[in-house]
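Keep in mind that this is a model prediction, so the values were computed, not measured.
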Amino acid sequence: MAPSAMKAPKAAPSSPAKAKPTIQKKKAVAKAGSVPAALFKKGKIDKSVVKAHTSMTREKWLKFQEGMDEKWPLPDYMEGQKGHTKFKDETFEIITRWTTNTRIEYRPHAKAPGSKSHLRYEKYSKAKTVGEALKLSSYPIDWCWDYERGFIKICEGAELRDEPLDIAKAEEEVTEVDMAINIWYTKELAKELNMKPEELRKSAGHAESVHHRAKRLMAQREACSILEACDKEGRAVRDEEILSILKRWPFCRNYTRKNVLPGDRTWVFSDTLGLLRDRCGDLHLTVATRRYPQVPELMNRWLQDRIPKEAKGFVWTTINVNCNYAAAVHRDQGNFGPSFIKAFGDFTGGELDYWPEDAGGNLEKLSAKDKVTINLKENLALFNGNCAHSVHDFTGSRFSIVFFTVGSHAAATNEDKDKMSKLGFNVPAKNADPFIALKPPKALIKKEPTRWGAKAKLPGYISFSSNKVSVIKRGKKSAAEAKKLAQSRVVPEEQRTFYSAKDRALLKAQAKKMKKEA
């Protein structure tokens, strides 16, 4: 599940010196008068005990309820329907970002008298922070239940994390609230995947948190289901299905994309699927591609289903997926050919500014009159990422997907190229033309007229309305045919790590052999 924000998250504070995480000791809570402690613990209790300790009459409670539904509405995403025992993804996304200091407010007397829930609620609803709520014997499952019913409000300006805390990597004090959320959420995720918590922990990849592992497995599982449904029904992948995967996908903090960082940010939520040259200089498929292959396959199918005729020769090796940040003015570094880009989500703003004639130089000297602005929520855009571009500020939850080719694509191993083709990437030939659909900037044409002069009549970019893009129709498949297709798909790899020193040495040997054969 992707992190959500009304605006792009603030910069992460500089990391303090690493210290062993400490855990706050839970303070003993005094018993509330003569009320039995069993009333505030899990498990059934005799109704006569509940009745004996209930002082509020039903008539008095009903009086308290007058006008309260209007003052305490359900969250918008509940669409007017109270939750059930299976909580919404949005609820998990909110509750898991709470801290011990998150300020909250409870609806007064929300639960009817005559039940254990009423007595518990009357006690813990006095809490003003999440930490106090835990001490008063309410737990993450209670917070989810109450939040979906409009019984809890998060106070304005309350402390919230950008993403759930990874206990294993925490450099800050780990509180009782952090521990309670972590243990509960791990159990919930494991249950959803029909796994045991320990089994889930052991399956996590190197540097992959248990929560990330679980949510990426869910995204992989959902992507498989969507692909099979598309095969059976002979239809294209829908925008809302891509959005669902993006919401489920847990994004990593990316500290390496320094050219896109807005303001004083030190990281952004961004992941790469497909082919990439890593920081060690090795070219290979990313770990996420190998462990969750149907996620990029689904995104590739979405693009294949709607590539306009003006861009039929478009090739790509890589997908960049982004969450909730407005990229600063930048140029992509060494892309081969054009890129396709589309934004998804419930947001306003977030348009793309693009300078189609930019050929390099000082970004601060770019002129506003030379740019074009494209609404990526309503349009699929083909542009040259090596030219300057940026994203407007936005409100809401915004995701974007960029399909492009890495400049060093020709050096990819045959094994990786074969796997990419199976995943739906349109891998370019070694001698492919980088300007097959879009023209180079005028300055480049002027510099090399013999080489690029014939491209001068091509457009500098193309924007295709999402409503007018022609979506291809595929033939329906029988259940048996769809099952056979599913079985032929690239199988997820379960290794914890892929690019050890031994793996890298093998990659270098393969690259050397390919260069010699060429």
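No hydrogens or angles considered: nothing links the side chains of Asn379 and Ser465 as a donor-acceptor pair under 3.5 Å. Residues Arg257 and Ser270 have side chains that bring a donor and an acceptor to within less than 3.5 angstrom of each other. Of the N and O atoms on the side chains of His330 and Ser390, not one donor lies less than 3.5 Å from an acceptor on the other residue. Counting only N and O atoms by type, the side chains of Glu494 and Ser203 include no donor and acceptor under 3.5 Å apart.
When the shell of 6.0 Å around CG of Asp418 is examined, it contains more than 12 heavy atoms from other residues, nucleotides or ligands. For CD of Glu240, the number of neighbouring non-hydrogen atoms (other residues, nucleotides, ligands) closer than 6.0 Å is greater than 12. For Leu193, the CG atom counts as densely surrounded, since its 6.0 Å shell holds more than 12 non-hydrogen atoms of other residues, nucleotides or ligands. For Lys312, the NZ atom counts as densely surrounded, since its 6.0 Å shell holds more than 12 non-hydrogen atoms of other residues, nucleotides or ligands. At most 12 non-hydrogen atoms from other residues, nucleotides or ligands lie less than 6.0 angstrom from CD of Gln333.
Considering CD of Glu241 and CG of Leu227, their distance stands at 9.0 Å, rounded to 0.5 Å. Annotation: the span from Asn335 atom CG to His409 atom NE2 amounts to 11.0 Å, rounded to 0.5 Å. Distance check: Thr96 OG1 to Ile181 CD1 gives 7.0 Å after rounding to the nearest 0.5 Å. A distance of 14.0 Å separates CH2 in Trp143 from CD1 in Ile94, rounded to the nearest 0.5 Å. Considering CG of Leu273 and OG1 of Thr289, their distance stands at 4.5 Å, rounded to 0.5 Å. A distance of 8.5 Å separates OG1 of Thr413 from CG of Leu275, quoted to the nearest 0.5 Å.
The list of salt bridge (Lys or Arg N to Asp or Glu O under 4.0 Å) pairs with a residue in residues 330-356, not counting sequence neighbours, reads Arg331-Asp358, Asp353-Lys371.
The heavy-atom pair separating Pro140 from Ala180 by the smallest distance is CG-O, 3.8 Å. Nearest approach of Thr102 to Glu159, heavy atoms of both residues: OG1-O, 2.6 Å. The heavy-atom pair separating Trp316 from Ile307 by the smallest distance is CZ3-CD1, 3.8 Å. Listed here is the closest heavy atom pair of Val177 and Thr99: CG1-C, 3.9 Å. Nearest heavy-atom pair, Ser463 versus Ile374, reported as atom, atom and distance to 0.1 Å: OG-CG2, 3.6 Å. Of all the heavy atoms in Thr497 and His206, the pair that sits closest is CB-CB, 4.0 Å.
Distance alone, capped at 3.5 Å, is enough to place a donor-acceptor pair between the Ser421 side chain and the Lys417 backbone. Checking side-chain atoms of Gln220 against main-chain N and O of Leu217 turns up no donor-acceptor pair under 3.5 Å. At least one donor-acceptor pair closer than 3.5 Å links the side chain of Thr286 to the backbone N or O of Thr272. Judged by distance alone, the side chain of Asn300 and the main-chain N or O of Pro296 form a donor-acceptor pair under 3.5 Å. A donor-acceptor pair under 3.5 Å links the side-chain atoms of Thr175 to the main chain of Asp178, judged by distance alone. At least one donor-acceptor pair closer than 3.5 Å links the side chain of Arg306 to the backbone N or O of Val237. The backbone N or O of Glu364 sits less than 3.5 Å from a side-chain atom of Asn362, completing a donor-acceptor pair. Remark: side-chain polar atoms of His389 are not paired, donor with acceptor, to backbone N or O of Val329 under 3.5 angstrom. With hydrogens and angles disregarded, no donor-acceptor distance shorter than 3.5 Å links the side chain of Thr91 to the backbone of Cys144. Of the possible polar contacts, none joining the Arg213 side chain to the Leu200 backbone as a donor-acceptor pair under 3.5 Å is found.
We find that Arg291 and Glu208 are joined by a salt bridge, their nearest charged nitrogen and carboxylate oxygen being less than 4.0 Å apart. Between Asp305 and Arg301 no salt bridge is recorded (no basic side-chain N to carboxylate O distance below 4.0 Å). The pair Glu192-Lys187 does not meet the salt-bridge criterion, since no charged nitrogen lies less than 4.0 angstrom from a carboxylate oxygen. Looking at Glu297 and Lys419, no side-chain N of the basic residue comes within less than 4.0 Å of a carboxylate O on the acidic one, giving no salt bridge. With respect to the salt-bridge test (charged N to carboxylate O, under 4.0 angstrom), the residues Glu172 and Arg161 qualify. Note on Glu163 versus Arg97: no salt bridge recorded, every NZ/NE/NH1/NH2 to OD/OE distance being 4.0 Å or above.
Aromatic pair Phe269/Tyr325: centroids not less than 6.0 angstrom apart. Taking the ring centroids of Tyr147 and Trp145, they lie at or beyond the 6.0 Å cut-off. Centroid-to-centroid, the aromatic rings of Trp302 and Phe344 come within less than 6.0 Å. The six-membered or imidazole ring of Phe151 lies away from that of Tyr106, with a centre-to-centre distance of 6.0 Å or more.
The shortest side-chain heavy-atom distance between Asp416 and His284 falls under the 4.5 Å cut-off. The shortest distance between side-chain heavy atoms of Cys387 and Glu357 does not fall below 4.5 Å. By the 4.5 Å heavy-atom criterion applied to side chains, Ser339 and Ile341 are not counted as neighbours. Counting heavy atoms from C-beta on, the side chains of Asp271 and Asn254 never come closer than 4.5 Å. Residues Lys365 and Leu363 fail the side-chain proximity criterion, which asks for heavy atoms closer than 4.5 Å. Residues Asn426 and Val315 meet the side-chain proximity criterion, which asks for heavy atoms closer than 4.5 Å. For the pair Phe464/Ser470, no side-chain contact is recorded, criterion being any heavy-atom separation below 4.5 Å from C-beta on. No side-chain heavy atom of Phe399 sits under 4.5 Å from any side-chain heavy atom of Asn324.
A ring pair (Phe, Tyr, Trp, His ring centres under 6.0 Å) with Phe383 is found for one member of Tyr354, Trp355, Tyr461 and no other, namely Tyr354.
With a 6.0 Å cutoff to the six-membered ring centre and a 45° limit on the axis angle, Lys377 counts as a cation-pi contact of Phe347. Judged by a 6.0 Å distance limit and a 45° cone about the ring axis, Lys215 is not positioned over the six-membered ring of Trp249. With a 6.0 Å cutoff to the six-membered ring centre and a 45° limit on the axis angle, Arg398 counts as a cation-pi contact of Phe394.
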Run the side chain to side chain donor-acceptor pair (under 3.5 Å) test on Asn101 and Thr129 for me, step by step, so that the C-alpha distance in whole Å, both residues' side-chain angles and the decisive distance to 0.1 Å come before the verdict. CA-CA 6 Å; Asn101 298 319; Thr129 66; over 6 Å; no
